[in-house]
Amino acid sequence: MMNNLTEQDKHYLKMAIDLAIENVKSGGGPFGAVIVKNNEVLATGVNNVTTKNDPTAHAEITAIRNACDKLQDYQLEGCSIYSSCEPCPMCLGAIYWARPEKLFFAASKDDAASVGFDDSFIYTEIPKEIHKRKLVTYHALQKEAYAPFEIWKNMEQKTEY
């Protein structure tokens with residue numbers, strides 16, 4: 001679906017790629033992201049996993065945090081995200097939760113895997129039954145854990161999301 005890119009879309013994708021290049025030269029990971037609203041760059045992000053010792057500091061997550069902070073909103077309504085690479089499962093989940101209008105990416109997940117950034121094991125783990133995953137996982141106290149949901153359900157004033 002990338003055949004109908006506008007010149008502006010190409011510009012923002014190139015900007016994300018340039019951010020990734022500069023980030024590698026600065027000691028970070030090879031990923032960059034740009035968030036645009038109304039043809040204006042709202043926020044950018046780069047991969048800072050190793051520079052900040054934060055496994056969640058992917059370019060898209062960082063850009064989403066920066067954009068939401070700027071908008072003072074937890075949703076990116078009317079925004080487009082331009083990423084130098086196809087988002088990993090974590091980033092894709094965050095992108096869906098942020099609810100932008102569009103996502104554009106340049107390199108594929110296979111391109112990333114070819115240089116050591118292979119997330120395929122996560123894609124194969126997610127649909128497995130919990131007890132069949134490689135990560136030993138315990139599901140416990142389900143009855144007690146429903147209490148916060150019950151309180152939420154019965155609250156009259158809450159911000160739905």
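It should be emphasised that the depicted structure is a prediction, and the values quoted were computed from it without experimental measurement. The first residue of the sequence shown is numbered 1, and numbering continues consecutively from there.
- Between the side chain of Asp73 and the backbone N or O of Cys68 there is no donor-acceptor pair closer than 3.5 Å.
- Considering all non-hydrogen atoms of both residues, Ile126 and Pro89 come closest at CD1-CB, 4.4 Å.
- Heavy-atom neighbours of Glu77 CD from other residues, nucleotides or ligands within 6.0 Å: at or below the threshold of 12.
- Remark: side-chain polar atoms of Arg99 are not paired, donor with acceptor, to backbone N or O of Leu76 under 3.5 angstrom.
- Contact between Ile17 and Ala106 at its shortest, heavy atoms only, is CD1-CB, 3.8 Å.
- Contact annotation: the side chain of Leu5 approaches that of Phe104 to within less than 4.5 Å [non-hydrogen atoms, C-beta and beyond].
- Remark: Lys10 fails to qualify as a cation-pi partner of Tyr82 under the 6.0 Å distance and 45° angle criteria applied to the six-membered ring.
- Side chain of Glu125 to backbone of Lys134: a donor-acceptor contact under 3.5 angstrom is found.
- Using a 4.5 Å cut-off between side-chain heavy atoms of Ile, Leu, Val, Met, Phe, Trp and Tyr, with links allowed through other members, Trp97 and Met90 fall into different hydrophobic clusters.
- How far CZ of Phe31 is from OG1 of Thr62: 12.5 Å, rounded to the nearest 0.5 Å.
- When every heavy atom of Pro87 is checked against every heavy atom of Ile95, the shortest pair comes out as CG-CD1, 3.7 Å.
- Under the 4.5 Å side-chain heavy-atom criterion for ILVMFWY residues, a single connected hydrophobic cluster contains both Val36 and Val46.
- Looking at Asn154, its side chain does come within 3.5 Å of a backbone N or O of Glu150 through a donor-acceptor pair.
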Step by step, would you call Ile81 with Phe105 a side-chain contact (heavy atoms from CB on, under 4.5 Å)?
CA-CA 8 Å; Ile81 298 181; Phe105 65 86; over 6 Å; no
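- No more than 12 heavy-atom neighbours from other residues, nucleotides or ligands sit within 6.0 angstrom of OH on Tyr96.
- Considering only residues two or more places apart in sequence or on other chains, Thr51 meets the side chain to side chain donor-acceptor pair (under 3.5 Å) condition with Asn48.
- Between the side chains of Glu86 and Ser108, no donor-acceptor pair of N or O atoms lies under 3.5 Å.
- For the atom pair CG (Asp18) and NE2 (His11), the distance works out to 9.5 Å, reported to the nearest 0.5 Å.
- In the hydrophobic clustering of this structure, Leu103 groups with Leu42; members are Ile, Leu, Val, Met, Phe, Trp, Tyr whose side-chain heavy atoms approach within less than 4.5 Å, directly or through other members.
- No donor-acceptor distance shorter than 3.5 angstrom exists from the side chain of Thr56 to the backbone of Asp54, with no hydrogens or angles considered.
- Applying the side chain to side chain donor-acceptor pair (under 3.5 Å) test to Thr124 and every residue at least two apart in sequence or in another chain returns nothing.
- The nearest pair of heavy atoms linking Ala43 to Ala63 is CB-O, 3.7 Å.
- The line from NE2 of His58 to SG of Cys91 is 5.5 Å long, rounded to the nearest 0.5 Å.
- The backbone N or O of His139 lies less than 3.5 Å from no partner atom in the side chain of Gln142, so there is not a single donor-acceptor pair.
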Kindly determine whether Tyr146 and Glu144 satisfy side-chain contact (heavy atoms from CB on, under 4.5 Å), including the steps that lead there.
CA-CA 5 Å; Tyr146 194 77; Glu144 293 88 336; over 6 Å; no
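- Ile61 and Ile122 sit in two unconnected hydrophobic clusters of ILVMFWY residues. Membership requires side-chain heavy atoms under 4.5 Å apart, directly or through other members.
- Once rounded to the nearest 0.5 Å, the distance linking CZ of Phe117 with SG of Cys85 reads 9.0 Å.
- In terms of modelled atom types and a separation under 3.5 Å, the side chain of Asp69 and the main chain of Arg65 share no donor-acceptor contact.
- Partners of Ser120 by side chain to side chain donor-acceptor pair (under 3.5 Å), not counting sequence neighbours, listed by chain and number: Asp118.
- A distance of 10.5 Å separates SG in Cys79 from CD in Glu40, rounded to the nearest 0.5 Å.
- Crowding of Lys128 atom NZ: a count of heavy atoms from other residues, nucleotides or ligands under 6.0 Å exceeding 12.
- Remark: the Ser26 side chain and the Asn23 side chain contain no N/O donor-acceptor pair separated by less than 3.5 Å.
- When hydrophobic clusters are built by joining Ile, Leu, Val, Met, Phe, Trp and Tyr residues whose side-chain heavy atoms come closer than 4.5 Å, directly or via intermediates, Val41 is grouped together with Leu13.
- Here the shortest heavy-atom pairing between Val49 and Asn47 reads N-OD1, 3.2 Å.
- Atom CE of Met15 is separated from atom CD of Gln8 by 10.5 Å, given to the nearest 0.5 angstrom.
- Taking both residues in full, the closest heavy atoms of Ile35 and Ala67 are given as CD1-CB, 3.8 Å, listed atom of the first, atom of the second, then distance.
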